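Everything below concerns the one structure shown next.
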Amino acid sequence: EQLKRALEDLESYNRILHLQSLCDELTGLYNRRGFITLANERIARLKGPNSGCLIFYADLDGLKQINDTYGHAEGDFTLTKAAELLTQAFKSTDIIGRIGGDEFTVLVIGAAERDKNYIWNQVKLLYDNFNKTSGKPYNISISAGCVYFKSNVGFNLDELLRSADLELYIEKQRKKSVHKKK
């Protein structure tokens with residue numbers, strides 16, 4: 001009986017450790033390993049004409065300035081709030097991950113290419129609404145790049161993430177250009 005209980009406890013601890021290895025401790029989102037593992041699994045199971053997907057690659061604007069000005073506790077708050085807002089903006093079936101310091105990815109399954117602007121406008125609206133009511137001396141904003149692909153055509157997740165990251169870079173440059181003109 002003791003051995004049986006010990007084995008059950010060990011199995012339970014192993015499940016907890018496995019989950020911890022896939023999740024970001026601060027935000028509760030998937031970490032890089034968790035995102036890539038789950039995204040590859042979900043995409044591989046998709047078949048048929050409704051197999052379109054979007055990958056968003058996003059990062060927070062100005063996190064370093066928030067950390068430098070208000071401290072790392074405020075930076076952590078910003079990261080957790082960003083994760084919360086992303087979770088609100090996307091469906092529970094979408095896969096959201098924090099894959100680096102201030103970098104997030106989202107896999108939207110069953111999407112059309114035309115959906116990306118609508119979805120990202122919804123994200124920005126949530127951020128804008130938070131900023132209007134937060135009482136914080138700074139705004140939380142996020143930039144993103146997005147790529148569309150059909151999962152039944154074949155895919156390489158690393159290449160898709162690189163393409164979305166390139167789109168993010170272009171968006172960041174556009175924002176800097178607009179900011180300089182002001």
Side-chain angles (χ1 to χ4, degrees), residues 15-39 54-109 111 115-147 157-158 160-182:
R15 277 194 304 272
I16 291 168
L17 285 174
H18 178 70
L19 183 60
Q20 288 176 342
S21 77
L22 300 177
C23 290
D24 175 56
E25 185 178 344
L26 179 64
T27 64
L29 299 176
Y30 290 105
N31 61 20
R32 178 181 292 275
R33 175 186 294 128
F35 177 83
I36 290 172
T37 299
L38 193 55
L54 294 168
I55 290 187
F56 288 91
Y57 196 105
D59 77 7
L60 291 175
D61 301 323
L63 181 62
K64 181 179 179 347
Q65 290 82 3
I66 292 171
N67 278 331
D68 291 350
T69 305
Y70 303 103
H72 285 91
E74 246 353 84
D76 287 351
F77 168 82
T78 300
L79 287 165
T80 57
K81 182 50 73 173
E84 180 183 315
L85 293 170
L86 287 172
T87 301
Q88 290 173 18
F90 290 92
K91 300 178 303 221
S92 61
T93 55
D94 298 333
I95 301 167
I96 306 171
R98 177 180 172 218
I99 62 167
D102 64 350
E103 296 174 329
F104 297 89
T105 54
V106 183
L107 172 66
V108 181
I109 295 183
D115 295 334
K116 68 181 174 182
N117 289 332
Y118 173 79
I119 291 170
W120 198 249
N121 286 333
Q122 293 301 112
V123 171
K124 290 191 291 190
L125 183 63
L126 280 170
Y127 277 75
D128 289 344
N129 288 338
F130 169 78
N131 288 326
K132 288 176 187 170
T133 60
S134 73
K136 295 288 184 183
Y138 56 85
N139 286 332
I140 299 176
S141 68
I142 193 165
S143 297
C146 182
V147 294
L157 189 56
D158 288 334
L160 292 167
L161 288 170
R162 276 193 294 278
S163 294
D165 186 30
L166 178 60
E167 292 295 317
L168 167 64
Y169 175 78
I170 292 167
E171 173 64 10
K172 288 284 204 178
Q173 295 300 359
R174 186 194 66 74
K175 278 185 170 181
K176 284 180 184 176
S177 168
V178 168
H179 185 67
K180 284 181 183 178
K181 290 179 183 177
K182 288 184 178 181

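Along the sequence shown, the residues carry numbers beginning at 1. Note that the coordinates shown come from a computational prediction; the quantities given were computed from them, not determined experimentally.
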* What distance separates S143 OG from W120 CH2, expressed to the nearest 0.5 Å? ->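 Separation between the atoms: 8.0 Å.
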
* side chain to side chain donor-acceptor pair (under 3.5 Å) partners of Y70, counting only residues at least two apart ->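 Scan of Y70 (side chain to side chain donor-acceptor pair (under 3.5 Å), adjacent residues dropped) gives none.
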
* State which residues pass side chain to side chain donor-acceptor pair (under 3.5 Å) with D165; sequence neighbours excluded, sorted by chain then number. => none

* Quick check: does any side chain N or O of N139 sit under 3.5 Å from a backbone N or O of S141, one acting as donor and the other as acceptor? ->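 Looks like no, no N/O pair under 3.5 Å.
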
* To do: Taking T69 for its side chain and I66 for its backbone only, find out whether a donor-acceptor pair lies under 3.5 Å.
  =>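 Side chain of T69 to backbone of I66, a donor-acceptor pair under 3.5 Å: no, none is there.
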
With a 4.5 Å limit on heavy-atom distance, are the side chains of [X] and [Y] in contact?
{"X": "R162", "Y": "L166", "answer": "no"}
{"X": "Q122", "Y": "F90", "answer": "no"}
{"X": "L54", "Y": "I119", "answer": "yes"}
{"X": "Q88", "Y": "E84", "answer": "yes"}
{"X": "K136", "Y": "T78", "answer": "no"}
{"X": "L161", "Y": "F35", "answer": "yes"}
{"X": "L157", "Y": "I55", "answer": "yes"}
{"X": "V123", "Y": "L86", "answer": "yes"}

* Should we say atom NZ of K91 is surrounded by more than 12 heavy atoms from elsewhere, each under 6.0 Å from it? ->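 Atom NZ in K91 is packed in, count exceeds 12.
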
* Within 6.0 Å of NZ in K175, more than 12 heavy atoms from elsewhere ->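 Result for NZ/K175: enclosed.
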
* Taking NZ, NE, NH1 and NH2 as the nitrogens, is one of them in D128 or K124 under 4.0 Å from a carboxylate oxygen of the other? -> no

For residues 96-105, which side-chain N or O atoms pair as donor and acceptor with protein atoms under 3.5 Å away, sequence neighbours left out?
residue	atom	partner	partner atom	Å
R98	NE	G100	O	3.3
R98	NE	G101	O	3.0
R98	NH1	D24	OD1	3.1
R98	NH1	D24	OD2	3.1
R98	NH2	G101	O	2.9
E103	OE1	Y57	OH	3.3

* Asked: Can you name the nearest heavy-atom pair linking D94 to V106, along with the distance?
  ->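 What the structure gives for the nearest pair is CB-CG1, 4.3 Å.
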
* Asked: What are the two closest heavy atoms between A83 and L29, and how far apart are they?
  -> CB-CD1, 3.5 Å

* To do: Indicate whether any N or O donor in one side chain lies under 3.5 Å from an N or O acceptor in the other, for Y138 and E74.
  =>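 Yes, a side-chain donor-acceptor pair sits under 3.5 Å.
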
